[in-house]
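First up is the structure itself, then whatever we jot down about it.
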Amino acid sequence: MKVGVIGSGGREHAICLGLKNSSKIEKIYCFPGNAGTSEVAENVILNLDDFENIKNFILDNQIDLIVVGPEKPLVDGLVDFLEQFNIKVFGPNKIASQLEGSKIFTKQLCQKYNIPTAKFGIFQNKQDAKKFLEKTAYPIVIKADNLASGKGVYICNDDKEAQIAVNEIFDGKFGLAKNLLIEEFLNGEEMSYFIVSDGLIYKNFGTAQDHKRVLEGDRGKNTGGMGAYSPSRLISEDIESKIINKIIKPTLKGLAEHGTRYKGFLYAGLMIVNNEPFLIEYNVRMGDPECQTILPKLKTDLSEVFLACCNQSLDKVNLDWQNKKSLCVVVCSNGYPDEFKKNIKIENLKSINLRSQDYLFHAGTTKKNDEVYATGGRVLSFVSLSDNFNEAKMSITKNLDKLNWSGGFFRKDIGYKVIK
Ligand code: AMP
Ligand code: GLY
């Protein structure tokens, strides 16, 4: 079977590597991929906004299955477009992708189906938003209603910060903003909960704890994610049953009543407050770096999972996991998430010896003349599986020491809540 993976991050490298382990896969294409995916797949440089071109490449090369990694092509309707040509695609359609594409769509679904989430208001212009702020108590959360790679969210501690947020969002800092949300601040601990669904049934796909802030001690700006560990320390049978019954099931029911089915990974970003889960946001894909953290634990053939979701036969697949702790540390270019230099050589990659439960996934990297250069903000993810988080961390630290790269940095405290 030939499979195509869309995307270029650590998540997509982890997916390519998972597929590589399947005896059913004869060839993997990655659109456009990175230096890491080029080791296991053929990287294909195509404009991801040009659906016609993508479709032609898939048909010309007789690719049997497409897996969409990132949210943008999903929200833009790539799945709906390719399915018109009988191409099998793993990922949700355009309507279901509104769960990530429009925070207001999700909030309205939460309201209708009583899904626990922060109280909120929707505002269409600066004036109305600022009028509301006059009588509000702080902290408060202000969000742009469009895809902003996790950056369109402001936690405001006073009126001055709130004014800046409202101005920046409506002035188009994250693209054209028709709406803005003002939300109650939820004080708790975050957790990422994943499922995979074929549109008929769903299965739990693990939990993780991301570290979104750029600086140690969870300070500084929000990023795409600086590291993660799995499972989340918060998961228990009681919490899981609340997540499923109060959040996941009503969401899938709501989508069904909306006339659509959910196929693909669904990622619930949750805040756990006094042992009760609240939905902060949905993402219609695996997380990055959560994907790199969770996938190495999967024993089941990944291609079988994707195919079963496309064929509505997920009930016949048994998801089998290694009972291990997994930790992931992301190495970023100096300056990220602000401006950073590109095309910085990563010298010591070849000196890293990965042990059997160690993984190194590439994100913003490119290969030139057999040398690897950093071209993106998040560059590499180091992952290790072990019986405990301490050992996983020690393994990663050894590899990071060997890397010793002056062009980048990483958070040394990833997993601090589970590591003594
Ligand atoms: P989002 O892009 O919606 O996941 O938001 C980014 C981050 O902002 C989240 O991971 C949380 O850390 C934080 N956040 C978002 N909404 C809230 C909220 N209502 N209360 C507290 N923190 C929030
Ligand atoms: N790690 C957060 C995300 O993928 O959105």
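Remember, predicted model here, so these are calculated numbers, not experimental data. Both counts, for ligands and for their atoms, begin at 1 and track the order of listing.
- Contact annotation: for D210 versus ligand 1, there are no heavy atoms closer than 4.0 Å.
- Counting atoms of ligand 2 from 1 in the listed order, those under 4.0 Å from a heavy atom of G287 are 4 (O).
- The distance from ligand 2 to the heavy atoms of E290 drops below 4.0 Å at these ligand atoms: 1 (N), 2 (C), 4 (O).
- For the pair D210 and ligand 2, the shortest N or O to N or O distance falls below 3.5 Å.
- To the nearest 0.5 Å, atom CD of residue Q111 and atom CZ of residue F120 are 4.0 Å apart.
- Near M271, meaning under 4.0 Å from one of its heavy atoms, ligand 1 places the atoms 21 (C), 22 (N).
- Counted by atom type alone, N43 and T37 present one or more donor-acceptor pairs between their side chains at under 3.5 Å.
- For ligand 2, the polar-atom distance check against R11 finds no nitrogen or oxygen pair separated by under 3.5 Å.
- Considering backbone and side-chain atoms alike, G224 places an N or O below 3.5 Å from some N or O of ligand 2.
- Residue contacts with ligand 1 for L186 involve both N, CA, C or O and side-chain atoms from C-beta outward (heavy atoms, distance under 4.0 Å).
- If you check each of E189, K143, E281 against atom 15 (C) of ligand 1, the one with the closest non-hydrogen atom is K143.
- To the nearest 0.5 Å, atom SG of residue C291 and atom CZ of residue F361 are 8.0 Å apart.
- Contacts of E184 with ligand 1, taken as heavy-atom pairs under 4.0 Å, involve the backbone alone.
- Using the six-membered ring where Trp is involved, F105 and H258 have ring planes that are perpendicular, over 60° apart on the 30 and 60° scheme.
- Within the listing of ligand 1, atoms 10 (O) sit less than 4.0 angstrom from a heavy atom of K212.
- Under a 4.0 Å criterion applied to the non-hydrogen atoms of I280, ligand 1 contributes the atoms 3 (O), 15 (C), 16 (N).
- Close approach to R285 involves these atoms of ligand 2, each under 4.0 Å from a residue heavy atom: 3 (C), 4 (O), 5 (O).
- Remark: distances from the non-hydrogen atoms of S192 to ligand 2 are all 4.0 Å or more.
- Side-chain N/O atoms of N167 and Q163 include no donor and acceptor closer than 3.5 Å.
- Checking Q124 against N179 by side-chain atom types alone, a donor-acceptor pair falls below 3.5 Å.
- In summary, the atoms of ligand 1 found under 4.0 Å from a heavy atom of A118, numbered by their order in the structure, are 19 (N).
- Assignment of M286 to the shell around ligand 2 is not supported, since no heavy atom sits closer than 4.0 Å.
- In this structure, OG on S395 lies 11.5 Å from OH on Y359, to the nearest 0.5 angstrom.
- Taking CD1 of I294 as the start and CZ of F265 as the end, the distance is 9.0 Å to the nearest 0.5 Å.
- A side-chain donor from one of Y154 and E168 sits under 3.5 Å from a side-chain acceptor of the other.
- Considering only heavy atoms from C-beta on, K263 stays 4.5 Å or farther from D198 through its side chain.
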